[in-house]
Number of protein chains: 4
Amino acid sequence: MLAHTAYGKSKVRLVQVARHGDRHDLRDFTVAIQFEGDYDDSYTAGDNSGVLPTDTMKNTVYALAGRGPIDGPEPFALELCRHFLDRNARLERVRVHVTEHGWDRIANGARQHGQAFVRQGSGTRSATATSDRESTVLEAGLADLVILKSSQSAFSGYMRDEYTSLPETRDRILATSLTATWRYRAGEIAFGPAWWAVRGTLLETFAGHESESVQHTMYAMGRAVMDGCGEVARIHLVMPNRHHLPVDLTPFGLENRNEVFVPTEEPHGLIEATLER
Amino acid sequence: MLAHTAYGKSKVRLVQVARHGDRHDLRDFTVAIQFEGDYDDSYTAGDNSGVLPTDTMKNTVYALAGRGPIDGPEPFALELCRHFLDRNARLERVRVHVTEHGWDRIANGARQHGQAFVRQGSGTRSATATSDRESTVLEAGLADLVILKSSQSAFSGYMRDEYTSLPETRDRILATSLTATWRYRAGEIAFGPAWWAVRGTLLETFAGHESESVQHTMYAMGRAVMDGCGEVARIHLVMPNRHHLPVDLTPFGLENRNEVFVPTEEPHGLIEATLER
Amino acid sequence: MLAHTAYGKSKVRLVQVARHGDRHDLRDFTVAIQFEGDYDDSYTAGDNSGVLPTDTMKNTVYALAGRGPIDGPEPFALELCRHFLDRNARLERVRVHVTEHGWDRIANGARQHGQAFVRQGSGTRSATATSDRESTVLEAGLADLVILKSSQSAFSGYMRDEYTSLPETRDRILATSLTATWRYRAGEIAFGPAWWAVRGTLLETFAGHESESVQHTMYAMGRAVMDGCGEVARIHLVMPNRHHLPVDLTPFGLENRNEVFVPTEEPHGLIEATLER
Amino acid sequence: MLAHTAYGKSKVRLVQVARHGDRHDLRDFTVAIQFEGDYDDSYTAGDNSGVLPTDTMKNTVYALAGRGPIDGPEPFALELCRHFLDRNARLERVRVHVTEHGWDRIANGARQHGQAFVRQGSGTRSATATSDRESTVLEAGLADLVILKSSQSAFSGYMRDEYTSLPETRDRILATSLTATWRYRAGEIAFGPAWWAVRGTLLETFAGHESESVQHTMYAMGRAVMDGCGEVARIHLVMPNRHHLPVDLTPFGLENRNEVFVPTEEPHGLIEATLER
């Protein structure tokens, strides 16, 4: 009767300071670990003898971080996967998800402080490693990056039925909270530069696109990554449509010049696409 | 290159008042709709001619609610699925998720007010209908029901490695925020009574179980539903372990009597299981 | 130049289990402590010699809880105040705020489980004690209790200017998230029964009132407490207006019967009043 | 019996686009308005004849924004105050609070896109205008700016009692979510440059200070503003202590090198100070 099980630890918070003289590097991670395997006895019989406690999973995050500077979310996710697979014979599939919260250095006049930081804006970086002993899949990603364009965005020519009341527009605000995850092709990847290249390509394409819809711009963004970032094999994009409703000012004796908007959070459109080579 | 797409509307809020004399019934829903189908042109070419706007999806929720009293999240999710499939030739698969926020009547002395309500406690009710024209799957559920037991909960006898520091215990607090989703067997289901029966079975089993772990109690809860609620064909349970850490009072000159705890939210264990007939 | 200072500890989480045979009582508190006094040196000179660490404040919460069962948020707030004043000569004014998160017992057939609980609905209970060695003020309260009435609520006859577009209505939904804080008259108070009496009076009055506005109902609620709860000397009420906008169904070929609403969270009205004897 | 009243509208969301050729400026505000005055009749008698609906307050925000580009939160808050005082004879005191959510331009190669934006990092800008017809007080501010320093932070030499268990440290992480509000001296103020000067001074002082405690650094930050920003007459600072607890790695066979930390959100210290000339 037990068709599937999984257990693990979520929201393990870790800050690591790497000291290079008077310049410190900061890593700020939230880690989630999930085990699947031969753990049915713990469910059906209350037999914990093969169960690695989730508290130990948490300790492992800190112990591995204690060995030395972490080089990014991707190698840390991969290292945690390997560690758990090596020591847990019952473990068949492990998934490690790492979210990185970015920090910028505080300005020190024209230079930067080496040891003082301000939390970056919207958007986090992520890596997910999933391994089943046969093979390992790594996904890089960014989440919740809030972006907006105030021109080159239209929505018109759509299907209508008796419940359609939305006015067509050739000039609207397009805003979203972008989440993207992607897989790399086989081979050595410089994870940091690759991540920044994908992020830059997504942002520039969003900014420059003549948009007919969220779908249209999403595809252009994914396509630009596939065209410009050769290491990427597959990308999944999720873009809620954070509607900005134009306010009708005519009841107040004013002209509508498409300048005053109400940003709303609910309801929202939700658009997804996956592009593959 | 476009491997998969989906689009829809989320967080459509709806309150419906059904007036039966001086007794009103209240339905408070959050609806999410997702379309999959022949919409690639909207992505690749910016051609919206086959795209039903997500704004129309939202209007449809209100228009269907405007026809008369809704009888629960399950029939409303099914009705929305049918409606969209009937009118959208390009639509291949539609999913409608309805969350119901419960309200209790305010007491009026020993009776109840007919038209005044107080928001129920933790836990929402949900229904998800997914249809691909061939077949329709309905899932009922409850989410985020916060429960705790202060006895009959142990965690001991687990695997240890060099990073294990957790003390074993035969008497701990077990707390979680329960989410469960289940499918019914074929045939007519009285959705309301069935939902309350599943909820009651889950709660009573949680309360009465001699727990060796979250996994152990989760299985007992799922098993009790399978045994006691004949309509249920399959149930999926998710239970974060909301750790309550005992405070060591000995540094303060006090004895530890297992009475003082720090409830924590991060990190947390996360346990899942699916039971099927 | 230092005109005012304060420091303390917030979000101290505490769960206390009191075991009475097979019936357990549960207290679930979030505590905030604030000190004001002769602490300028710690600011201006970095001299910590008179500073009780906020970590010690936190430990004190647990140590006092370790002595035995807490009898409610009011006596615990008062006890913490006294404790800190007795031991900190520099302390001139201390404020302790306790929020209680309620739990109901899980049903056990027609009876109740003694050791298993489900988190209560919306609304928390609170107590704030403020003491300056001369005198102590205690405030009891409830926060964020979400209530709604679907009849006996109007809003009409209001002032209009050129920016007024709101239609008048004699039948609307009135919903709010009630927060109330009150002070008791001098003398012995049975805090638990008094709190429940105030809560009951607020809810019944909300439910039964013929409302011309949030303001109107708020006053009736406060007035009913002053009339019916003799121990209360003063009450402060805050009620955001959680607007439920009627959906215009006529574009969809349906009649508007005042049954379909969109609940919104922003913007919201925000209404306050204080009543005193 | 009615000792005090207030009513208004909160969470009015406004985005304004000002088009200067192909360069757009974006203002993203959340506005809250509060009225105090001769409104007792609306409470006690349900007489709305003198009540400006909060819906009209909301419309007024949009109508004033519709007249032309807003020059910042300060002049907009002041303009709204004047508008409401001029037209509402019963209004005795009005407070308008404006929060600005910042957006940066998306990079366009080495230049910047004129019409595409990414939401700024942590921290918002605010202005509060309060006017009682006699005088107007304006407060500028920043809120929730998350900052951290990984050196030059100690906490030692503090008072101890029997509940003190915190180890002293000469090297810890200091992190906070800074909120500051300040008043300007009389005279013309260039609000934008003044705000950036205060923000810069706060950040640089935080970064460079040899900290003996949050209190010590807070005072240095406020003092630096008073010394360096001549327009500021008074500043109020609030800094929660976002504790970063060092992980003890010795049970895992590793040395503690003060590099691995658990960031926590609850409980947290909460430190405040006001500096005045």
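Both backbone and side-chain heavy atoms feed into the values below; hydrogens, waters and symmetry mates do not. Computed from a predicted model, the values in this text were never measured in an experiment. Labels below follow one simple rule: chain letters A, B, ... track the order of the sequence lines, proteins then strands, and each chain is numbered from 1.
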Separation of [Y] [atom2] from [X] [atom1] (nearest 0.5 Å):
X: B:Leu270; Y: A:Thr54; atom1: CG; atom2: OG1; answer: 9.5 Å
X: A:Tyr43; Y: B:Ser213; atom1: OH; atom2: OG; answer: 8.0 Å
X: B:Asn241; Y: A:Ser10; atom1: CG; atom2: OG; answer: 11.0 Å
X: A:Thr5; Y: B:Glu272; atom1: OG1; atom2: CD; answer: 9.0 Å
X: A:Arg277; Y: B:Met1; atom1: CZ; atom2: CE; answer: 6.0 Å
X: A:Thr60; Y: B:Tyr163; atom1: OG1; atom2: OH; answer: 7.0 Å

Can you give me the closest heavy-atom contact between [X] and [Y], atom names plus distance?
X: B:Asn48; Y: A:Ser156; answer: ND2-O, 3.0 Å
X: A:Tyr158; Y: B:Val51; answer: CB-O, 3.4 Å
X: A:Gly269; Y: B:Lys9; answer: N-CD, 3.8 Å
X: A:Ser165; Y: B:Asp55; answer: OG-OD2, 3.9 Å
X: B:Gly50; Y: A:Met159; answer: O-SD, 3.8 Å
X: A:Glu212; Y: B:Gly46; answer: CB-O, 3.6 Å

So which part of [X] gets closer than 4.5 Å to some heavy atom of chain A, the side chain, the backbone, both or neither?
X: B:Lys58; value: side chain
X: B:Thr274; value: both
X: B:Gln34; value: side chain
X: B:Thr30; value: neither
X: B:Glu162; value: side chain
X: B:Arg234; value: neither
X: B:Ala220; value: neither

Q) Does anything in residues 80-93 of chain A get under 4.5 Å of chain B by heavy atoms, and if so which residues? A)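 Residues of residues 80-93 of chain A touching chain B at under 4.5 Å: A:His83, A:Arg87, A:Asn88.
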Given that the side chain runs from C-beta out, which part of [X] has a heavy atom under 4.5 Å from chain B: side chain, backbone, both or neither?
X: A:Met218; answer: side chain
X: A:His243; answer: side chain
X: A:Ala45; answer: backbone

**Q.** Greatest number of heavy atom pairs closer than 4.5 Å to chain A - which of B:Thr44, B:Leu52, B:Leu275
**A.**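 Sorted descending by pairs with chain A, the first entry is B:Thr44.
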Q | When B:Ala154, B:Gly222, B:Ser49 are compared by non-hydrogen pairs under 4.5 Å with chain A, the top option | A | B:Ser49
Q) CZ of A:Arg172: more than 12 outside heavy atoms within 6.0 angstrom? A)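 Yes, because the 6.0 Å sphere around CZ of A:Arg172 holds more than 12 heavy atoms from other groups.
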**Q.** Over 12 non-hydrogen atoms of neighbours within 6.0 angstrom of CZ in A:Arg95
**A.** no
For chain B, which of [options] has the most heavy-atom pairs under 4.5 Å?
options: A:Gly157, A:Ser211, A:Ala32; value: A:Gly157
options: A:Arg223, A:Lys11, A:Gln215; value: A:Gln215
options: A:Glu276, A:His236, A:Met226; value: A:Glu276

Q. Quick check: does any side chain N or O of B:Asn59 sit under 3.5 Å from a backbone N or O of A:Thr164, one acting as donor and the other as acceptor?
A.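 Not at all, since once roles are kept as given, no pair shorter than 3.5 Å links the two residues.
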Q: Check whether any side-chain heavy atom of A:Leu166 lies under 4.5 Å from a side-chain heavy atom of B:Thr56, and answer yes or no.
A: no
Q. Do the side chains of A:Ser42 and B:Tyr219 get nearer than 4.5 Å, heavy atoms only?
A.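 Sidechains of A:Ser42 and B:Tyr219: no contact.
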